[in-house]
Each structure stands twice: as C-alpha cells, then as structure tokens.
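Numbering of residues begins at 1 and proceeds along the displayed sequence.
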Amino acid sequence: MANDAPPRWDRRMQQRLARGEAAALAELYDRFASLVHALAHRVLEDDTGADRVTREVFGYVWENPDAYDPRQGSLRAWIAMLTQRQAVHRLRASQPASAGGDTLTSEALEERIREASVAARADYIVTSMPAPLRAALELAYFDRRDYREAAAALGVTEDEARRRLRLGLQLLSTAHVQPSRAVPPPGYGRAL
C-alpha cells in the first residue's frame with residue numbers, strides 16, 4: 001500500500017472511525033503505527049515514551065475522528081502533526097522546572113524539538129516524493145553512486161538522472177524551513 005493515501009481513502013477511513021468500526025482502527029494502526037512511533041522516538045529518544053505517545057495518538061484518533069478535516073490535508077499529515085504535538089508535550093512535561101539532575105536547558109530542549117521537527121519533515125518529504133526521485137536519491141545516498149551510475153542503474157539518460165537528483169535534493173532542502181501558518185491549528189501546543 002502506498003504511504004501517501006488518496007483523499008478518498010482518508011474520507012472513508014474517517015467515516016468508518018466515526019461509525020466505531022474497530023477494523024478501521026486496526027487498518028489505520030497497521031498503516032501508520034511505524035510512522036507515529038518513529039516520529040515520537042525522534043523527539044523523545046525513548047522507546048517507552050514513544051510507545052506511550054503512539055497509544056495516545058491512536059486513542060485520540062479513535063475517540064475524535066471528526067477532529068480530522070480532509071480539506072486541510074491528508075490523514076497521514078494530520079496524524080504526524082498530532083504525534084509531533086503530543087511528543088513535544090511529553091518532552092516538555094518530562095523536564096522539571098528545577099535545574100538539577102538530568103534535565104535539558106530551555107535552549108537545549110527547544111533545539112532538540114527543532115531537530116526532531118526537521119527530521120520528521122525530511123522523512124515525510126522523502127516518503128511522499130515521486131518514486132523516480134526517491135530512487136535516484138537512494139542510489140546516490142545509500143549506494144554512493146554518482147549521477148552516471150544512477151542513470152545506468154535506473155535506465156535513464158545522465159541528464160534525466162541529474163534532473164531527478166536535483167529535484168529530489170531541492171525538495172529535501174525544504175525540510176529545514178518551518179511551514180508558515182497564518183493561524184495555528186486548533187488546540188496547538190496542548191496535550192491531546
């Protein structure tokens with residue numbers, strides 16, 4: 001199954017969840033649990049905490065399926081946003097106000113959150129980019145191939161391989177740019 005679900009699937013899934021279909025929750029969990037856990041782990045750097053956030057996110061989706069608005073974006077993006085928000089909330093809550101022990105400074109905490117956010121956006125960009133661009137980047141990054149070797153492996157011209165690599169890298173470079181929002185989403189910054 002593709003990672004980037006079509007809007008029709010998103011709407012149908014929301015309707016099934018609203019009807020209380022346990023099979024819909026199971027399908028949603030199978031599809032997005034690894035994403036949710038990975039995003040939470042990036043922020044928390046803790047398996048137990050990531051497991052907890054994963055349960056909380058899917059519990060929230062189950063109890064509040066109408067909170068998702070398909071006109072605002074994909075279900076995958078909404079679940080990723082919920083995960084990021086809940087993981088950041090857990091991270092901040094785990095840091096006591098007193099300075100002592102194994103706590104992070106406010107600046108270090110914010111930097112860790114920013115780094116996790118950039119990594120999450122990069123993951124999303126890579127998984128949602130067109131397969132030809134992703135394949136070219138994987139050859140260049142994981143297999144350490146230059147554009148000529150990538151072209152041969154992909155069965156395309158060298159110019160096409162360079163174009164795919166350039167476009168893929170341009171997309172990936174946007175991960176560090178914070179998305180602008182005129183208005184924060186409802187409930188932004190609060191726990192689920």
Side-chain angles (χ1 to χ4, degrees), residues 1-10 13 27-51 53-54 57-58 70-88 90-91 104-105 107-182 185:
M1 226 176 251
N3 282 339
D4 42 351
R8 188 174 69 210
W9 185 89
D10 291 354
M13 178 57 68
E27 183 180 337
L28 191 72
Y29 183 87
D30 289 345
R31 189 172 200 156
F32 296 121
S34 62
L35 167 74
V36 170
H37 192 274
L39 291 174
H41 193 274
R42 272 231 171 91
V43 173
L44 300 170
E45 296 178 352
D46 172 48
D47 279 329
T48 304
D51 291 344
V53 168
T54 301
V57 166
F58 283 100
R71 296 172 300 192
Q72 299 296 316
S74 71
L75 188 58
R76 182 183 198 280
W78 181 67
I79 289 172
M81 185 263 316
L82 291 174
T83 303
Q84 180 75 9
R85 184 188 317 156
Q86 188 64 10
V88 166
R90 286 270 166 227
L91 180 63
L104 296 172
T105 66
E107 295 81 24
L109 179 62
E110 292 305 317
E111 182 59 26
R112 186 164 153 191
I113 291 168
R114 272 192 297 279
E115 287 172 0
S117 183
V118 168
R121 282 192 300 274
D123 278 352
Y124 180 75
I125 289 167
V126 169
T127 58
S128 62
M129 73 175 43
L133 300 183
R134 186 173 50 250
L137 285 178
E138 287 172 351
L139 286 169
Y141 183 75
F142 294 115
D143 296 345
R144 302 285 188 214
R145 297 186 187 191
D146 65 18
Y147 73 93
R148 288 183 183 99
E149 295 167 326
L154 295 170
V156 297
T157 66
E158 290 179 3
D159 284 341
E160 177 62 15
R162 277 195 306 262
R163 185 188 73 77
R164 290 179 185 183
L165 287 167
R166 184 177 55 250
L167 288 174
L169 289 171
Q170 286 172 343
L171 284 172
L172 199 52
S173 73
T174 64
H176 77 281
V177 177
Q178 284 284 2
S180 62
R181 289 186 182 268

Between OH of Y141 and CG of L172, what distance do you get to the nearest 0.5 Å?
-> 10.0 Å
Less than 4.5 Å apart, any side-chain heavy atom of Y147 and any of R166?
-> no
Correct closest heavy-atom pair for L91 and L44 would be N-CD2, 3.6 Å
Not counting sequence neighbours, which residues clear side-chain contact (heavy atoms from CB on, under 4.5 Å) with R145? List them please.
-> L139, D143, E149, A153
Non-hydrogen side-chain atoms of D47 and H37 separated by less than 4.5 Å = yes
Of all heavy-atom pairs linking A50 and H41, the shortest is CB-N, 3.7 Å
Shortest non-hydrogen pair, A140 vs L165, comes out as CB-CD2, 3.7 Å
Heavy-atom distance under 4.5 Å between the side chains of Y29 and T54, does that happen here?
-> yes
Supply the atom-to-atom distance M81 CE to S74 OG, rounded to the nearest 0.5 angstrom.
-> 10.5 Å
Partner set under side-chain hydrogen bond (donor to acceptor under 3.5 Å, both in side chains) for R144, not counting sequence neighbours | none
Is a donor on one side and an acceptor on the other found under 3.5 Å between the side chain of D10 and the backbone of L75?
-> yes
Heavy-atom side-chain contact between V43 and V53 under 4.5 Å | no
Closest heavy-atom contact between V156 and A161?
-> CG2-N, 4.0 Å
Can you see which heavy atom on A40 is nearest to which on T83, and at what distance?
-> N-CG2, 3.9 Å
Which distance, rounded to the nearest 0.5 Å, do you find between the CG of L28 and the CZ of R76?
-> 12.0 Å
Would you give the length of the straight line joining atom CZ of R162 to atom CZ of R148, rounded to the nearest 0.5 angstrom?
-> 7.5 Å
Listed partners of T157 passing side-chain contact (heavy atoms from CB on, under 4.5 Å), at least two apart | D159, E160
So CG of L154 and CD of E138: to nearest 0.5 Å the spacing works out to 10.0 Å
From CD (Q86) to CG (L39), nearest 0.5 Å | 13.0 Å
